[in-house]
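Because only heavy atoms are used, hydrogens play no part in the values below, and waters and symmetry mates are left out as well, while side chains stay in. Given the structure is predicted, the values throughout are model-derived calculations rather than measurements. In the text below, chain A, chain B and the rest are named by the order of the sequence lines, each starting its count at 1.
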There are 2 protein chains.
Amino acid sequence: MAPTPPLSLPVSPRHPKETVNQWAYRSLRQAVMVGLIPPGRSLTIRDVAAALAVSTMPVREALRRLASEQALEVQDNRRIQVPQMTVAKFRELCELRIALECHAAERALPYVTPARIDQLTQIDRRIDEAQAAGDREGVTIHNQDFHRHLYEANPHQVIMPLVESVWLQLGPFTRLALSKLNDFYHVDRHSEALAALKKHDLLALRIALEADIRDGITHVGTAELLSAYVENAGMVG
Amino acid sequence: MAPTPPLSLPVSPRHPKETVNQWAYRSLRQAVMVGLIPPGRSLTIRDVAAALAVSTMPVREALRRLASEQALEVQDNRRIQVPQMTVAKFRELCELRIALECHAAERALPYVTPARIDQLTQIDRRIDEAQAAGDREGVTIHNQDFHRHLYEANPHQVIMPLVESVWLQLGPFTRLALSKLNDFYHVDRHSEALAALKKHDLLALRIALEADIRDGITHVGTAELLSAYVENAGMVG
DNA sequence: ACGGGTTAAACGTGATCACATTTTACGGGA
DNA sequence: TCCCGTAAAATGTGATCACGTTTAACCCGT
């Protein structure tokens with residue numbers, strides 16, 4: 001077996017006023033979210049620090065934070081890796097996402113203003129543009145923006161951090177769903193959600209959201225695709 | 001106004017094989033959970049490190065982790081404190097807890113065995129004993145054990161970390177609910193839940209759980225108690 | 001050629017130090 | 001007496017180092 005490659009991370013430019021810690025966290029998070037780090041690949045603090053050209057300290061804090069958000073997994077208190085995915089776990093995460101986000105939408109609905117609906121419509125347009133351009137990462141980002149912007153209509157925000165954690169756990173594997181999704185015609189669930197928002201129709205909103213999430217995700221669980229990827233990833237470590 | 005007291009933390013004994021980091025995290029978490037650190041009280045890394053008689057490094061990692069779990073709040077990138085509670089936020093957390101835990105129970109139900117029901121019954125007995133002994137902290141701990149042990153029947157666990165985060169955010173304020181609760185006769189929702197488990201009756205389980213959570217929590221939200229505490233705590237900082 | 005034991009490299013952890021930024025305290029001017 | 005500006009103390013951040021443990025490599029014996 002070939003020795004593990006030296007771990008190259010895409011270094012996004014560091015924002016001004018951003019601490020090294022935040023930058024390392026952001027970089028690693030992004031890498032995990034888009035599936036750049038294969039599950040089972042063991043990360044060492046020193047390696048990541050070298051890849052980012054910083055000292056070990058900010059890196060280990062970033063790694064630990066991601067671990068506490070379930071994005072990474074500390075194996076036996078030694079190795080750190082992206083958790084392995086199983087079909088059952090994937091299903092659990094999918095159902096959790098639906099329950100959590102439907103609840104978030106319900107709690108946000110009373111605070112949704114016409115102005116926010118306009119903003120959501122704009123974001124939805126950006127999703128379509130990215131989809132048309134074949135920009136999968138853009139689709140993911142804008143799709144998350146759409147959901148986030150809906151739930152954050154609620155000014156007493158407590159749910160989003162949990163939602164983000166679930167997104168992070170599903171992240172490495174949703175990229176697959178999107179690639180599959182492009183092949184099919186796919187009804188625009190966001191339009192349905194927007195219509196429900198305009199009518200303040202909670203039930204219709206829940207239905208649209210659940211369908212949207214299932215569209216983006218469940219195909220993977222039912223298809224042989226995930227299994228293949230899971231097994232493949234399992235061999236990488 | 002009196003100068004802020006020098007922050008004394010109850011130092012639980014350090015487990016063998018436990019890193020300083022883990023110990024600091026556990027100590028701080030416990031302190032937050034039982035409401036020992038008043039909301040608004042600003043914590044400094046050096047102070048906590050001094051109180052625990054360790055260096056600053058493990059402490060800042062513990063603090064950051066608690067912040068990422070929403071147990072603490074980094075104010076303007078300088079001050080760290082237990083977040084202030086508002087009535088609206090409290091309600092959001094309560095509703096979130098219900099939604100999350102009912103979902104967790106639903107996903108766990110198919111895996112609940114008679115053996116586990118027995119264990120749950122034993123834990124429930126311990127709750128009653130603590131209640132009879134007036135041991136509020138014991139009640140809290142065993143109550144959490146009960147819920148955790150139910151949800152963890154599901155072997156593909158992804159929900160508990162989120163539940164723990166919500167518990168942690170409610171923790172500093174539930175102690176009030178319990179003190180109030182002792183004054184009233186209070187139907188044993190856990191018995192109802194156990195009965196529902198034995199019948200594999202999902203709906204009854206959800207109803208019992210929701211009632212249990214509301215019993216333990218919502219009284220605070222409706223009573224003037226929380227408001228009083230919130231305002232009081234707001235003046236502490 | 002294969003396996004086990006020894007040794008060296010690698011790693012996580014935690015302490016200490018230096019530096020930049022922020023907060024606090026003090027004192028002078030209106 | 002009340003601001004406000006300046007200086008000193010305090011704080012977070014990040015780098016470096018030392019130590020104990022774990023992992024990996026290597027060599028010798030069979």
Side-chain angles (χ1 to χ4, degrees), chain A residues 1-7 9 11 13-29 37 40-68 71-82 236-237, chain B residues 1-7 9 11 13-29 37 40-68 71-82 236-237:
Chain A
M1 186 185 295
T4 55
L7 177 66
L9 285 176
V11 283
R14 183 169 151 206
H15 297 165
K17 280 285 180 182
E18 188 183 38
T19 66
V20 177
N21 187 351
Q22 293 167 328
W23 175 67
Y25 171 76
R26 202 163 50 81
S27 303
L28 281 168
R29 186 184 209 278
I37 305 174
R41 169 75 150 91
S42 74
L43 300 176
T44 68
I45 297 178
R46 282 173 161 93
D47 280 354
V48 176
L52 264 52
V54 294
S55 90
T56 62
M57 168 124 32
V59 170
R60 58 201 247 200
E61 292 182 348
L63 286 175
R64 265 213 254 266
R65 175 165 174 194
L66 285 167
S68 90
L72 296 177
E73 188 182 47
V74 279
Q75 201 68 310
D76 52 349
N77 146 346
R78 197 73 176 170
R79 292 284 181 234
I80 297 177
Q81 60 176 40
V82 175
V236 171
Chain B
M1 186 184 295
T4 55
L7 177 67
L9 285 176
V11 282
R14 182 167 152 208
H15 298 164
K17 280 287 178 179
E18 188 182 40
T19 66
V20 177
N21 187 353
Q22 294 167 326
W23 175 67
Y25 171 76
R26 202 162 49 80
S27 304
L28 281 168
R29 186 183 209 278
I37 306 175
R41 169 76 150 90
S42 74
L43 301 176
T44 67
I45 296 178
R46 282 173 163 92
D47 281 352
V48 176
L52 264 50
V54 294
S55 89
T56 62
M57 167 122 32
V59 170
R60 57 199 249 201
E61 291 182 349
L63 287 174
R64 265 214 253 267
R65 174 166 174 193
L66 286 166
S68 90
L72 295 177
E73 189 183 48
V74 280
Q75 200 67 310
D76 52 349
N77 137 346
R78 198 73 176 167
R79 292 284 181 234
I80 298 178
Q81 60 176 43
V82 175
V236 170

Under the salt bridge (Lys or Arg N to Asp or Glu O under 4.0 Å) rule, what pairs show up with a residue in residues 19-28 of chain A, not counting sequence neighbours?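 Matches after skipping sequence neighbours: A:Glu18-A:Arg26.
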Please give, in whole Å, the distance from [N] [atom2] to [X] [atom1]?
X	N	atom1	atom2	answer
B:Ile45	C:dG14	CD1	P	15 Å
A:Met57	C:dG14	CE	P	12 Å
B:Lys17	C:dG12	NZ	P	16 Å
B:Tyr25	C:dG14	OH	P	15 Å
A:Leu52	D:dT13	CG	C1'	16 Å
A:Gln75	D:dT21	CD	P	22 Å
A:Gln81	C:dG12	CD	P	13 Å
A:Leu43	C:dA10	CG	C1'	15 Å

Among the nucleotides D:dT22, D:dG12, C:dG14, which one has an atom lying closest to any side-chain atom of B:Arg46?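 Among the listed nucleotides, the one closest to the side chain of B:Arg46 is D:dG12.
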The side chain of A:Thr56 is closest to which nucleotide in this list: D:dT16, C:dA15, C:dG12? D:dT16
Can you measure from [atom1] ([X]) to [atom2] ([Y]) and round to the nearest 0.5 angstrom?
X	Y	atom1	atom2	value
B:Thr44	B:Arg79	OG1	CZ	7.0 Å
B:Arg14	B:Thr19	CZ	OG1	7.0 Å
B:Met57	A:Glu61	CE	CD	8.0 Å

Examine the base of D:dG14 for any acceptor or donor lying under 3.5 Å from a partner atom in the side chain of A:Arg60, and report the outcome as yes or no. no
Note down the inter-axis angle between the two ends of the helix from C:dA1-D:dT30 to C:dA30-D:dT1, five pairs each, to the nearest 10°.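 The angle separating the two end axes equals 10°.
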So, do [X] and [Y] sit near enough that their side-chain heavy atoms are less than 4.5 Å apart?
X	Y	value
A:Arg41	A:Gln81	no
B:Arg46	B:Val59	no
B:Asn21	B:Arg65	no

So does A:Arg79 get a side-chain nitrogen or oxygen closer than 4.0 Å to the phosphate oxygens (OP1/OP2) of D:dA24? yes
Within the pair B:Arg64 and D:dT13, is there a side-chain N or O less than 4.0 Å away from OP1 or OP2? yes
